[in-house]
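Values below: every heavy atom of this structure, side chains too, minus hydrogens, waters and symmetry copies.
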Amino acid sequence: MASQSKLPIATYREALVSSVRENQTLVVTGETGCGKTTQLPQFLHEAGLGEGGMIGITQPRRMAAISVAHRVSEEMGKSLGGTVGYQVRFDDCTSPDTKIKYMTDGCLLRELLDDHTLSSYSIIILDEAHERSLATDVLFGLTKRLLPHPLGDGSLKQRDRPLKLIVMSATLDVKRFSEFFDNCPIFTIPGRVYPVSIHYSFTDETFDPMKTSYLSRVEQVVMDTHMEKGPGDILVFLTGQQEIESMCDKLFKSAERIDYEHDVLCKDVLGLAILPLYGSLPTEQQQRIFKQSERGIRRIIVSTNIAATSVTVDGVVYVIDSGYVKQLSFNPRTGLDVLAVVPISKSEAEQRAGRAGRTAPGECHRLYSQSFYNSLNQNTIPEIQRASLSSVILDFKCMGISNVIEFEYLDPPEERMIAEALKQLYYFDAINDKGQVTPLGRQIVQFPLQPNLSRVLLKSKSLECEEAVLPIVAMLSVENVFIRPSSKKQALESMEAHKELQEAGGGTSDFATLLAIYKLAMESGNQKRWCRDNYVHWRSLKTAQSIVGQLKNILNKQEVLGDSTEEIRAAPLGERVRQSLCFGLFSNAARLAPNRRSFRTMDGHSTVAFIHPSSVLFGCEDSLDWIVYHEIVDTAKTYLRTVCPVRYGWVKDLLPRLHEVDAYRLSDCERKRSLGGEEEEKEEEGPVSKKQSLEKEEKERENALRLQEKAKAARERYLSRKKT
DNA sequence: GAGCACTGC
């Protein structure tokens with residue numbers, strides 16, 4: 001209790017409670033560490049505000065939901081799972097007594113699918129809203145519908161008592177949240193953060209964003225900081241695993257050199273510990289970050305963006321910020337996911353700098369110039385505007401939200417992103433050509449999978465091969481299972497090991513390899529050891545195992561029409577598995593080109609692509625004809641990853657569907673619905689002209705961009721001439 | 001002949 005009352009939020013207890021009491025919606029803002037996440041739910045509970053139902057608090061991450069629930073139950077002196085509980089995937093720690101429930105945003109979204117009015121909650125708190133995760137953004141719009149008119153749209157009034165909604169966020173961009181909820185009040189809690197001084201390592205003259213030599217600059221700034229500055233750990237933000245590993249090597253070498261030349265470096269700092277930090281790092285190695293450094297040892301943590309939000313590193317006084325991040329975006333024009341290195345946003349830069357001021361005043365060194373900073377976007381583009389939306393759109397359709405274009409988004413995605421999602425859903429027969437959800441769509445939405453994988457799984461049940469397909473689908477939905485070490489010797493060893501696993505799968509398809517890995521690991525006496533010996537990520541495999549269990553439960557509840565005839569039953573298991581894969585992934589079909597090396601995709605884009613070198617079928621192109629793939633990635637070339645040969649006979653009846661309906665026609669169904677529909681005679685003419693006008697718009701946009709580029713280049717040429 | 005940031009159901 002003593003530590004609790006010291007939190008900045010304690011002073012505002014009464015004011016906060018009455019604010020919540022008086023308002024339908026409220027935005028609460030305060031820096032990390034002010035105690036809002038742990039204290040506010042307790043205040044509300046103790047004030048009796050949660051009597052009509054639970055107080056639900058969403059978090060973007062599992063770890064946060066679990067650990068916060070632990071802390072709060074301890075503070076309240078109750079056992080976890082009673083008054084205070086949590087729910088994350090695979091782990092429901094709640095009971096009928098639970099009054100305060102911490103959960104992931106994804107979990108609440110799932111719950112909303114079964115209970116459109118969230119009838120078991122009296123208050124919903126959307127925490128960490130500034131992070132703008134896809135699920136939280138969707139929850140913004142969905143919960144708003146539950147609020148009484150005129151705030152909500154009045155479409156859902158079935159709740160016997162109105163829901164209260166609280167949005168919690170760091171201090172940035174809070175006004176927008178309030179505006180979204182009809183200018184609801186904003187409650188600000190002062191935080192406890194130390195000042196961080198900002199230093200730009202470049203001037204405009206010395207900084208060239210096109211030059212990627214910033215790694216050597218990183219090394220120099222880190223070593224300078226180490227040599228010249230007082231105690232405190234150094235946190236370096238880079239973009240990816242490889243970059244981090246090579247930077248750690250570099251730093252290690254130059255630290256050795258300096259050690260040799262100077263003997264003792266800095267009065268208070270006797271040595272260095274150089275620690276890499278990124279998501280796929282084994283958990284034990286990540287744990288080293290949580291341990292405080294030994295006295296006199298300075299830690300240099302070289303990290304991806306994971307240290308900006310997900311992992312808290314204590315003791316950091318110096319932050320070195322590269323200014324870049326790796327970010328995944330979906331390109332609706334090509335249908336490709338692109339993982340690219342892009343400049344961070346201003347708010348991301350602030351977030352990184354803030355990591356230096358958690359325990360003492362700190363310093364942030366930005367490896368760019370002031371004007372580069374000025375040119376950055378204010379905020380990162382929210383995930384909902386970057387991600388593929390097919391799952392979210394299907395969720396909407398199943399919740400009875402018929403018009404997904406007019407839905408109230410905090411930041412609406414581009415219409416072509418929505419159109420692309422509708423098209424995908426139509427391909428899978430999850431919606432019909434009028435944009436209405438089909439019975440298959442209602443089944444697909446039950447699974448925590450990408451829609452195409454749900455379809456694979458459902459087909460496998462009707463072909464009676466789900467025991468083999470379940471692990472495959474699970475393995476496809478976890479992060480990459482193959483470990484690729486950076487050292488040469490180990491890299492060779494890992495390749496040998498992976499070759500053997502491909503052999504074990506029969507060498508026929510990459511999906512078969514995944515199944516073989518799953519089976520072999522399960523059969524081995526010591527899974528962890530087996531994984532280490534075979535260069536397979538144990539963590540991913542464990543997750544896949546849990547997913548298999550979860551999917552099996554859901555699949556058992558589904559009624560699947562058995563189209564399994566005598567003939568099908570007589571077919572070998574491998575055939576049936578491939579047929580299931582083909583049925584779900586047919587929009588990812590590709591055909592061998594006449595050059596007998598490359599493939600052309602059948603998704604309408606007719607992209608030229610190659611089988612990825614890591615595939616078991618790499619080098620066997622000549623013997624193939626039709627394949628389906630799980631992923632298409634644009635790296636050195638356009639590659640198809642995880643592929644499987646299929647028969648033309650399996651795809652030929654499915655493929656026409658890829659050309660049956662136009663994405664914008666589906667969008668039109670959405671728009672028509674918002675007008676009240678029924679304008680039948682316009683059906684023929686409307687969509688075409690709409691499509692044309694959209695194409696025109698697109699063209700105009702492209703032209704404008706091209707002109708901008710041209711002008712920019714001309715200006716740069718001019719400026720450089722002027723300089724010389 | 002490659003190279004995957006981070007979450008979540």
Only distances under 3.5 Å count here; give the side-chain donor-acceptor pairs of residues 544-551 of chain A to other protein atoms, sequence neighbours excluded, each with its distance to 0.1 Å.
from	atom 1	to	atom 2	distance (Å)
Q545(A)	OE1	K542(A)	NZ	3.4
S546(A)	OG	K542(A)	O	3.3
Q550(A)	OE1	R89(A)	NE	2.8
Q550(A)	OE1	R89(A)	NH2	2.9

When you measure from the side-chain N and O atoms of S133(A) to the phosphate of dG8(B), is any distance below 4.0 Å, counting only OP1 and OP2?
no
Please work out if I306(A) contacts a base, only the sugar-phosphate, or nothing of the nucleic acid, heavy-atom cut-off 4.0 Å.
sugar-phosphate
Under 4.0 Å, heavy atoms only, any strand: does M495(A) hit a base, just the sugar-phosphate, or nothing?
base
Can you list everything that forms a side-chain contact (heavy atoms from CB on, under 4.5 Å) with S119(A)? Sequence neighbours excluded, please.
D115(A), T117(A)
With sugar-phosphate meaning primed atoms plus P, OP1 and OP2, does E131(A) contact a base, only sugar-phosphate, or nothing at under 4.0 Å between heavy atoms?
nothing
Can we call the ring centroids of F599(A) and F610(A) under 6.0 Å apart?
no
Given dA5(B), dG1(B), dA2(B), which nucleotide is nearest the side-chain atoms of H612(A)?
dA2(B)
May I ask you to evaluate whether R132(A) reaches the phosphate of dT7(B), defined as a side-chain N or O under 4.0 Å from OP1 or OP2?
no
For K488(A) and dG3(B), give me the distance from atom NZ to atom C1', rounded to whole Å.
15 Å
Identify the residue among H612(A), H498(A), H537(A) that makes a ring-ring contact (aromatic ring centres under 6.0 Å, His included) with F482(A).
H498(A)
Atom CG of D137(A) and atom C1' of dG8(B): how far apart are they, to the nearest Å?
14 Å
Selected nucleotide, minimal atom distance to R484(A) side chain, candidates dA2(B), dC9(B), dA5(B):
dA2(B)
Using a 4.0 Å heavy-atom cut-off, does V88(A) contact any base of the nucleic acid, only the sugar-phosphate backbone, or nothing at all?
sugar-phosphate
Could you tell me whether E631(A) contacts a base, only the sugar-phosphate backbone, or nothing, with contacts defined as non-hydrogen atoms closer than 4.0 Å?
base
Indicate whether OP1 or OP2 belonging to dG3(B) is found under 4.0 Å from a side-chain N or O atom of T635(A).
yes
Please tell me whether Y368(A) and D321(A) have a donor and an acceptor in their side chains that are separated by less than 3.5 angstrom.
yes
From C-beta outward on A636(A), which listed nucleotide comes closest to its side chain: dG3(B), dG1(B), dC9(B)?
dG3(B)
Quick one: which of dG8(B), dA2(B), dC6(B) gets closest to the side chain of T104(A)?
dG8(B)
Using whole Å, report how far CD of E245(A) lies from P of dG3(B).
18 Å
Measuring to OP1 and OP2 of dC6(B), would you say a side-chain N or O of T304(A) lies under 4.0 angstrom away?
yes
What is the distance, rounded to the nearest whole Å, between atom CZ of R539(A) and atom P of dC6(B)?
9 Å
Looking across every strand, which nucleic acid part, if any, lies under 4.0 Å from R89(A) by heavy atom: base, sugar-phosphate, or nothing?
base
Could you state the CG-P distance from D91(A) to dG8(B), rounded to the nearest angstrom?
13 Å
By the 4.0 Å heavy-atom rule, please label N305(A) as base, sugar-phosphate, or nothing.
nothing
Of R597(A) and R62(A), whose nearest nucleotide on DNA chain B comes first from the 5' end?
R597(A)
Given the ring of F237(A), does R352(A) sit roughly above its face, with NZ or CZ under 6.0 Å from the centre of the six-membered ring and within 45° of the axis?
yes
d(CD1, I244(A); C1', dA5(B)) in whole Å
9 Å
In whole angstrom, give the distance that lies between atom CG of L142(A) and atom P of dC9(B).
17 Å
Is the phosphate of dA2(B) approached by Y639(A) (side-chain N or O, under 4.0 Å from OP1 or OP2)?
yes
Rounded to whole angstroms, how far apart are NZ on K326(A) and C1' on dT7(B)?
17 Å
